[in-house]
A.B. asks: 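Can you keep this structure in mind? I'll have questions shortly.
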Amino acid sequence: MLYQPKELYVSGKQNLETGEMKDLILLEIRDFEPTYDEAALNRIIEEVSPIWEGVSLDEWLKEIRGEEDE
């Protein structure tokens, strides 16, 4: 196999307006092993659910995407 999927762990800076990334430092290269851990996902959902209480997800997404109300 010529190409193999890898995970790259890097540290760096990203311009939030342009998305440009700079000063990247390679921290680690791992073999890519896609896994799905439902128990871990459910734990994370339980941890962050209180933070999202009272937030309208539709309105939040519109704000993030820069959509204006018609």
Side-chain angles (χ1 to χ4, degrees):
M1 197 176 192
L2 291 176
Y3 298 98
Q4 297 178 356
K6 299 288 183 181
E7 292 177 325
L8 300 178
Y9 290 83
V10 299
S11 177
K13 298 176 185 177
Q14 181 177 19
N15 184 316
L16 295 178
E17 292 180 6
T18 65
E20 175 191 11
M21 299 181 80
K22 62 180 184 177
D23 299 332
L24 293 178
I25 299 169
L26 180 62
L27 301 175
E28 185 176 354
I29 299 175
R30 294 185 189 171
D31 290 330
F32 180 66
E33 298 175 14
T35 59
Y36 176 73
D37 185 351
E38 188 169 353
L41 177 61
N42 288 333
R43 240 184 351 267
I44 292 169
I45 290 172
E46 285 180 29
E47 288 176 20
V48 300
S49 289
I51 297 169
W52 287 94
E53 271 185 40
V55 174
S56 168
L57 297 180
D58 290 331
E59 293 300 318
W60 179 78
L61 283 173
K62 284 182 182 179
E63 182 180 326
I64 294 298
R65 293 175 179 159
E67 297 176 10
E68 295 182 15
D69 291 332
E70 297 177 7

A.B. asks: Please round to the nearest 0.5 Å and tell me the distance separating atom CD of Q14 and atom CG of L16.
C.D. replies: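 Output value for this atom pair is 6.5 Å.
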A.B. asks: Would you say E7 has more than 12 foreign heavy atoms packed within less than 6.0 Å of its CD?
C.D. replies: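 More than 12 heavy atoms, drawn from other residues, nucleotides or ligands, come within 6.0 Å of this atom.
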A.B. asks: Under 3.5 Å, which donor-acceptor pairs link side chains of residues 18-33 to any protein atom two or more places apart or in another chain?
C.D. replies:
unit_1: T18; atom_1: OG1; unit_2: E20; atom_2: N; d: 3.2
unit_1: E28; atom_1: OE2; unit_2: R30; atom_2: NE; d: 2.9
unit_1: R30; atom_1: NH1; unit_2: Y9; atom_2: OH; d: 3.3
unit_1: D31; atom_1: OD1; unit_2: K6; atom_2: NZ; d: 2.3

A.B. asks: For residues 35-45, tabulate all N or O donor-acceptor pairs below 3.5 Å that involve a side-chain atom, not counting sequence neighbours.
C.D. replies:
unit_1: D37; atom_1: OD1; unit_2: A39; atom_2: N; d: 3.2
unit_1: D37; atom_1: OD1; unit_2: A40; atom_2: N; d: 3.3
unit_1: N42; atom_1: ND2; unit_2: E38; atom_2: O; d: 3.3

A.B. asks: Which pairs with one or both residues in residues 38-66 pass ring-ring contact (aromatic ring centres under 6.0 Å, His included), sequence neighbours excluded?
C.D. replies: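 Qualifying pairs: W52-W60.
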